Amino acid sequence: MSDPMLVEAIAAQNARTGSLSFDQINEMDAVWRAEIGALETPTIDGVIAAPASDFLRARVAEAGGLISEIFVMDGVGLNVAASGVTSDYWQGDEAKFTETYPLGSGAMHVGPLEFDESSQTFQVQVSMPIVDAAGTVIGAITLGLNAEAL
């Protein structure tokens with residue numbers, strides 16, 4: 001969670017998204033949702049093709065089936081990096097963000113066991129804030145724990 005690549009990716013995106021309005025965020029989320037399953041997916045590709053996403057996919061592979069997905073959010077709840085395509089771009093209205101990022105370092109949210117559309121697995125999502133070297137919360141991370149592997 002504190003890997004410099006992730007921290008740098010979040011900080012860079014926070015600089016771009018920190019002043020977005022609620023309407024702008026909703027518009028970006030709508031574009032993401034519309035791209036799911038489309039032939040051209042520039043918004044999704046901007047996240048999924050990022051080096052930080054490659055890093056997350058490597059962590060999923062190393063977990064030997066225990067982790068079904070990982071995604072990282074910026075300070076407004078938008079995806080920064082993801083091991084796979086998420087069902088939406090904005091997580092800021094969901095408990096994985098609202099019960100971690102604003103509560104500070106050490107907060108944790110454990111979601112219910114449920115079927116996840118994006119990873120196509122039954123999983124429990126565990127989310128935590130991500131802090132920079134100064135200890136400032138800059139984003140959040142969610143790990144989908146594969147129920148069959150628990």
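Since this is a predicted model, take the numbers as computed values, not measurements.
The other members of the hydrophobic cluster of Ile25, by chain and number, are Leu20, Phe22, Met28, Trp32, Ile36, Ile44, Val47, Ile48, Val76, Leu78, Val85, Tyr89, Trp90 (side-chain heavy atoms under 4.5 Å, ILVMFWY only).
Applying the salt bridge (charged side-chain N to carboxylate O under 4.0 Å, His left out) rule to Glu99 yields no partners; only residues at least two apart in sequence or on another chain are considered. Qualifying side-chain contact (heavy atoms from CB on, under 4.5 Å) partners for Ala38, counting only residues two or more places apart in sequence or in other chains: Thr41. Not counting sequence neighbours, the partners of Tyr101 by the ring-ring contact (aromatic ring centres under 6.0 Å, His included) test are Phe97. Under the side chain to side chain donor-acceptor pair (under 3.5 Å) criterion, Glu8 pairs with no residue at all, not counting sequence neighbours. Remark: Glu62 pairs with Arg59 by the salt bridge (charged side-chain N to carboxylate O under 4.0 Å, His left out) rule, at least two apart or across chains. Residues passing the salt bridge (charged side-chain N to carboxylate O under 4.0 Å, His left out) test with Asp54, sequence neighbours excluded: Arg57. Applying the side-chain contact (heavy atoms from CB on, under 4.5 Å) test to Ala52 and every residue at least two apart in sequence or in another chain returns Met5, Leu6, Ala9, Ala81. When the side-chain contact (heavy atoms from CB on, under 4.5 Å) test is applied to Ala147, the partners found at least two apart in sequence or on another chain are Leu113, Phe122. Judged as a side-chain contact (heavy atoms from CB on, under 4.5 Å), and not counting sequence neighbours, the contacts of Ala149 are Leu66, Asn146. The salt bridge (charged side-chain N to carboxylate O under 4.0 Å, His left out) check on Arg33 picks up Asp29, Asp88, with sequence neighbours excluded.
Linking Ile, Leu, Val, Met, Phe, Trp and Tyr residues whenever their side-chain heavy atoms come within less than 4.5 Å leaves Leu103 and Val72 in two separate clusters. Residues Phe71 and Val7 fall into different hydrophobic clusters, defined by Ile, Leu, Val, Met, Phe, Trp and Tyr side chains chained together at heavy-atom separations under 4.5 Å. Residues Phe55 and Val80 fall within the same hydrophobic cluster, defined by Ile, Leu, Val, Met, Phe, Trp and Tyr side chains chained together at heavy-atom separations under 4.5 Å. Ile130 and Met108 fall within a single hydrophobic cluster, where Ile, Leu, Val, Met, Phe, Trp and Tyr are joined by side-chain heavy atoms under 4.5 Å apart, directly or via other members. Residues Ile141 and Val137 do not share a hydrophobic cluster, defined by chaining ILVMFWY side chains whose heavy atoms lie under 4.5 Å apart.
Leu56 CG to Asp3 CG: the interatomic distance, rounded to the nearest 0.5 Å, is 9.0 Å. Here the CG-OG distance, from Leu145 to Ser68, works out to 7.0 Å after rounding to the nearest 0.5 Å. Here Asp45 contributes atom CG and Glu40 contributes atom CD; the two are 9.5 Å apart, rounded to the nearest 0.5 Å. Note: Thr142 OG1 to Lys96 NZ = 5.5 Å, rounded to the nearest 0.5 Å.
Smallest separation of non-hydrogen atoms from Gly106 and Pro129: N-CG, 4.5 Å. Residues Asp74 and Gly77 share a closest heavy-atom pair of OD1-N, 3.0 Å.
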Output, in order, the C-alpha distance, side-chain angles, deciding distance and verdict of side chain to side chain contact (heavy atoms under 4.5 Å, CB included) for Met73 and Thr100. CA-CA 11 Å; Met73 300 155 270; Thr100 59; 5.6 Å; no

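Taking the side chain as every heavy atom from C-beta outward, His109 and Gln125 never approach each other to under 4.5 Å. The shortest distance between side-chain heavy atoms of Gln24 and Glu27 does not fall below 4.5 Å. For the pair Phe115 and Gln123, the minimum side-chain heavy-atom distance is 4.5 Å or more. Looking at Met128 and Leu143, their side chains come closer than 4.5 Å, going by heavy atoms from C-beta outward.
Each salt bridge (charged side-chain N to carboxylate O under 4.0 Å, His left out) pair with one or both residues in residues 111-135, not counting sequence neighbours, would appear here, but there are none.
Listed for the Ser53 side chain is a donor-acceptor partner under 3.5 Å among the backbone atoms of Ala82.
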